[in-house]
Each structure stands twice: as C-alpha cells, then as structure tokens.
Asker: 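Here it is: the structure, laid out below.
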2 protein chains.
Amino acid sequence: MAAVSSPSRRRTEALSRERIVDAAVALLDDAGEGGLTFRALSQALATGPGAIYHHVANKEELLAAATDAVVAGTLADEPDGTPQDKVRALALGLFDAIDAHPWVAGGLTASSWQATSPRIFEKVGRQVRDLGVPHDRWFTVTSVLVQYILGAAAQNAANARILGPDVDRDEFLGAVSTTWEELDTDEYAFTRTVADQMRSHDDREQFLEGIDLVLAGIGTTVRPTGTPVMPASPSRS
Amino acid sequence: MAAVSSPSRRRTEALSRERIVDAAVALLDDAGEGGLTFRALSQALATGPGAIYHHVANKEELLAAATDAVVAGTLADEPDGTPQDKVRALALGLFDAIDAHPWVAGGLTASSWQATSPRIFEKVGRQVRDLGVPHDRWFTVTSVLVQYILGAAAQNAANARILGPDVDRDEFLGAVSTTWEELDTDEYAFTRTVADQMRSHDDREQFLEGIDLVLAGIGTTVRPTGTPVMPASPSRS
DNA sequence: GAGGTTCGTGGAACAATGTTCCAATCGTTG
DNA sequence: CAACGATTGGAACATTGTTCCACGAACCTC
C-alpha cells in the first residue's frame with residue numbers, strides 16, 4: 001500500500017511521515033513540549049489536522065517517532081577506544097542530545113519503549129560485554145547503565161526546562177544554593193553543607209563522574225584477568 | 001490567613017488543601033495519570049472546579065503536592081543498619097512507592113523540584129556522608145545516587161504503566177523477550193543473547209543490584225580505613 | 001486516451017480539558 | 001443584628017486531541 005511512484009507529487013509537496021516527524025521535531029525544539037499541537041503542525045505543513053492522521057496514529061506515536069529520530073541520530077556515529085571510553089562517549093552523546101532537546105526525556109518515558117530503548121540497550125550492552133562482565137550479568141548491568149544514563153539525563157532536562165532559554169544559569173544556581181543555605185539547620189543539615197558545591201558544579205562533568213562511578217562498580221565484579229567475581233559490596237541478607 | 005477556628009464546618013465538610021490533595025492522590029491511584037481532572041476532582045469532593053482554585057494555583061502545583069505527599073510518607077520511617085543498608089532501604093522504599101503510584105515519576109519530573117527533591121537529597125546525602133566519602137565529593141556522589149534511584153524507578157514505572165493493572169506480567173515479559181529474539185541477527189546481536197535473561201528477571205532485585213553497583217563504585221573511592229582516594233576508573237582525558 | 005476507483009487531503013465538527021469569572025452564600029466581626 | 005470578607009460552585013471560554021466526510025487528484029483498466 002502507498003507505493004511511492006516516480007518523483008511525482010500530489011498537490012502540494014507530498015505529505016509524508018518523515019516530513020511530519022521533521023516538522024514535529026522543529027516545533028518541539030523551539031516551542032517546548034507543549035508547543036507540539038496538531039494545529040500548529042498543520043499550519044507549519046500547510047495542511048489540515050485530518051491529513052496528519054493518515055500518516056500518524058495519534059500524538060503519542062508522533063512524539064515517540066520524534067524521540068526516536070533524535071536518538072537514532074545521536075547513536076549513529078561509532079565511538080572508539082576502550083569499552084569504558086565508548087560507554088562515556090555513548091552516554092555523553094545521549095546526555096547532550098537530551099539537553100539540547102529536553103522533550104526527548106518525556107518522549108522516552110511516555111512510550112517508544114518499542115524501538116528507541118532497544119537501540120540504546122544494544123549499543124550499551126556491547127560495551128558491557130567487551131568490559132568482561134560475566135555473561136549471566138549482562139542484562140542486569142546493561143539495564144543499570146541505561147537506567148542511570150537516561151535517568152540522569154532526564155533530570156538534567158527537567159532542570160533545563162525550569163530554566164528556560166532566557167534565564168541565566170549561574171543566577172539560577174546561585175538562587176537555589178541560597179535557598180538551600182537557608183533551610184532548617186537540623187532537618188537539612190547535610191543539604192546545607194553542600195549548597196556551595198551545588199552552586200559551582202558542572203552538569204556534564206557530574207554526569208561523567210556518575211558514569212565513572214558505575215564503571216568502577218562494574219570493575220569490582222571483574223578481575224583484571226577477566227575472571228568474573230561477585231560484587232564487592234558489603235553483606236546482604 | 002485562613003485561621004482555622006473551632007471544629008466548625010462550612011456548608012459541606014470544609015474544603016481544605018489537604019482534602020484536595022488526598023482526593024487527587026486517590027484519583028491518580030485508580031485512574032492513572034490522565035485520571036486527574038478538575039471535573040472528576042470536583043465531583044469526588046462534591047463541589048465545583050472554581051472552588052478548588054482557591055486552594056491550589058493550578059494542575060501542576062496540585063500534581064506536585066500529590067507527589068510530595070506520597071514521597072514524604074515514604075521517607076517518614078528511619079531505616080537502621082550500616083550506611084549501605086540505609087541507602088538500600090531508602091532506595092527500595094522509593095522504588096516501591098513509585099511502583100505503587102506510577103504517576104509519581106511524572107510528578108517528580110514535572111516540577112516538585114521545589115520541595116520533594118531536597119527531601120530525598122537530604123536523606124540520601126546523610127548516608128553518603130556516613131559512608132566516608134570525602135567532603136568535596138558529597139554533592140556529586142549524592143546526586144548520582146539520587147539520579148539512579150529516581151531514574152530506575154521512573155523507567156520501571158513507565159513499564160508498569162504500559163502493562164496496566166490487568167495485563168499479566170509474565171506474559172508481557174515473555175512477549176518482549178520473544179520480540180527481542182526475533183530482532184536482526186547483526187544489528188541486535190547483543191540484545192538477542194540476553195532475551196532469556198530479560199524474561200526471567202525480577203525488577204526489584206535488579207534495582208537493588210544497581211544500587212549495589214553504585215555503592216561498590218563509591219567504595220573504590222574510600223579506603224577501608226576511611227581515607228579517601230580518587231576513583232579507580234581507567235584513564236580519562 | 002477515457003472512465004471508474006482508490007486514496008490522500010483538509011476543513012469543519014465534537015468531546016473533553018484547564019482555567020477564569022462572578023453571583024450566591026456562609027462564617028465571622030464590629 | 002448588620003455588614004463584611006472569604007469561600008463556594010456553576011457557567012462560560014479558549015484550546016486541545018480526535019473523528020468525520022466531501023472533494024479532488026492520481027492511478028489502473030480497458
């Protein structure tokens with residue numbers, strides 16, 4: 001069905017799923033997550049809302065497709081180096097992509113478990129395999145890495161969304177830091193002592209340190225020779 | 001303002017912010033994230049939508065308040081044991097709460113960075129401090145732990161939402177596993193080999209293994225004596 | 001090439017949502 | 001007891017996702 005014939009066009013410029021998804025990404029990028037409406041999309045494509053529904057089932061599927069487009073683009077280039085380096089490059093690529101397109105975080109949570117997540121899982125999993133992790137722990141370790149990557153990126157995106165493109169980052173961090181310093185002395189004893197660290201922290205750097213922390217944890221389950229051992233964490237019931 | 005006098009009631013049962021939030025939680029619990037509408041809430045409270053707006057600014061604030069109510073309840077009881085044990089108990093409590101109320105994941109991402117997140121941050125941070133992590137790394141390490149906990153819980157909740165209350169979990173996992181086994185041999189070589197592990201995995205168990213992995217990573221930055229060292233991860237540029 | 005058929009189109013219409021507005025009403029205060 | 005302010009709750013509004021359907025262009029058959 002819908003066999004694409006020669007370079008013939010229908011009336012305007014041939015409405016296609018790809019063109020719709022591209023327009024959706026553009027709309028999401030400069031109007032935020034709430035900026036994607038079927039009416040705005042219709043106008044951008046010079047058509048009516050009804051036409052779009054012939055190519056996309058509903059808004060959820062559209063958001064998933066837009067999310068997948070961005071993630072697939074990020075995952076396209078192959079990093080090189082040690083497995084650890086590849087994990088860092090992979091993770092940072094996703095982090096930066098979600099930072100640039102904050103709506104991707106919501107799109108990943110919403111659905112897209114169908115196509116997008118397996119893509120990420122595969123890329124990360126191969127590095128876990130090459131790390132020398134024992135086979136029976138591949139699924140768990142890969143899942144943990146993916147969960148941290150997407151979780152940290154999503155929370156960073158949530159902060160970025162509060163910030164908006166117009167608010168000054170340093171100013172915002174300073175305000176939050178000040179708020180923390182004024183919290184209750186007893187109830188928030190710990191938070192108060194790290195208020196200054198929060199003021200001067202760098203999000204990407206912190207994210208990478210988290211990746212290194214997880215990699216270090218994985219390292220404790222693998223002997224230098226590659227012989228696997230159980231995690232070195234303290235007693236568990 | 002709004003001084004609560006003696007046990008007098010207005011016309012019905014005295015509409016209060018607390019009563020509204022409680023009703024919102026109940027509504028979210030048995031109708032899902034989309035079940036919270038001001039009309040359904042009005043009906044549940046036997047009032048009109050306008051009345052609610054006198055106690056709550058908008059839907060976003062309402063969702064944040066509902067989220068905070070659930071999280072605060074979870075964080076109420078103090079665990080005991082080693083710092084590691086406390087982190088596990090804390091994390092598992094949050095994981096279970098988000099699993100029971102999947103809409104909390106969305107609520108945490110949306111806003112509530114105001115009150116809820118600092119609460120979690122403080123609780124986790126105290127354990128990081130007791131773990132012997134050097135002071136200048138408290139903020140980063142705590143952030144990473146919180147990011148993993150909330151990220152993993154959120155993704156688990158997303159899966160649970162697809163599942164719904166009526167779909168059989170084993171059946172669903174089996175279906176996904178079969179889908180993975182039928183993926184492209186080259187493009188998804190890794191994912192195919194762990195399809196059977198995904199079929200038989202336990203979400204809570206996997207989450208705890210993730211916590212242990214991060215804790216093990218943290219352990220590499222702290223000597224047994226408590227003397228801090230840098231992470232044991234391989235070279236970084 | 002002409003006719004019929006199919007499919008994409010796009011605008012109107014529908015139900016439901018968050019939010020605002022305001023008159024009626026209650027509890028409290030002078 | 002009267003006046004006032006806070007609370008109430010229902011109607012109204014703008015906007016959303018989605019459905020429906022008449023129109024018309026492209027394709028296939030003869």
Asker: Please answer whether the main-chain N or O of A/Leu90 pairs with a side-chain N or O of A/Lys123 as donor and acceptor at a distance below 3.5 Å.
Answerer: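 No: the side chain of A/Lys123 does not pair with the backbone of A/Leu90.
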Asker: Please say which of B/Asp99, B/Asp203, B/Asp202 ends up in a salt bridge (Lys or Arg N to Asp or Glu O under 4.0 Å) with B/Arg169.
Answerer: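 So, applying the salt bridge (Lys or Arg N to Asp or Glu O under 4.0 Å) to B/Arg169 and each of B/Asp99, B/Asp203, B/Asp202, only B/Asp203 qualifies.
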Asker: Please report the distance, rounded to the nearest Å, between CD in A/Gln43 and P in D/dT16.
Answerer: 11 Å
Asker: May I have the distance from B/Leu63 (atom CG) to C/dG18 (atom P), rounded to whole angstrom?
Answerer: 11 Å
Asker: Can you confirm whether A/Glu61 is buried at CD, in the sense that more than 12 heavy atoms of other residues, nucleotides or ligands lie under 6.0 Å from that atom?
Answerer: yes
Asker: Using whole Å, report how far CD of B/Glu33 lies from P of C/dG18.
Answerer: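 So the two atoms are 12 Å apart, to the nearest Å.
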Asker: List the atom of B/His101, the atom of B/Asp29, and the distance in Å for their closest heavy-atom pair.
Answerer: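 Closest approach of B/His101 to B/Asp29: ND1-OD1, 2.6 Å.
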Asker: Using atom CZ of B/Phe38 as one end and atom C1' of D/dG10 as the other, report the distance to the nearest whole Å.
Answerer: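 Result: 16 Å.
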Asker: Do side-chain atoms of A/Gln197 reach the backbone of B/Phe139 as a donor and acceptor pair under 3.5 angstrom?
Answerer: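 Yes; at least one donor-acceptor contact below 3.5 Å.
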Asker: To the nearest Å, how far apart are B/Arg39 CZ and C/dT19 C1'?
Answerer: 9 Å
Asker: With a cut-off of less than 4.0 Å, is there a side-chain N or O of A/Thr47 near OP1 or OP2 of C/dT9?
Answerer: no
Asker: Can you check the B/Leu15 CG to C/dG27 C1' distance for me, whole Å?
Answerer: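 Checked: the CG to C1' distance equals 15 Å.
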Asker: Expressed as a whole number of angstroms, how long is the span from A/Arg19:CZ to C/dT9:P?
Answerer: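 The answer, rounded to whole Å, is 9 Å.
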Asker: Return the orientation label for the B/Tyr148 and B/Phe207 ring planes: parallel under 30°, perpendicular over 60°, tilted otherwise.
Answerer: parallel
Asker: Identify, residue by residue, the members of residues 48-56 of chain B with a heavy atom below 4.0 Å from DNA chain D, and return them in order of residue number, or none.
Answerer: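 When residues 48-56 of chain B is checked for heavy atoms under 4.0 Å from DNA chain D, the hits, listed by number, are B/Gly48, B/Pro49, B/Gly50, B/Ala51, B/His54, B/His55.
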Asker: Separation of B/Leu36 atom CG from C/dT17 atom P, in whole Å?
Answerer: 11 Å
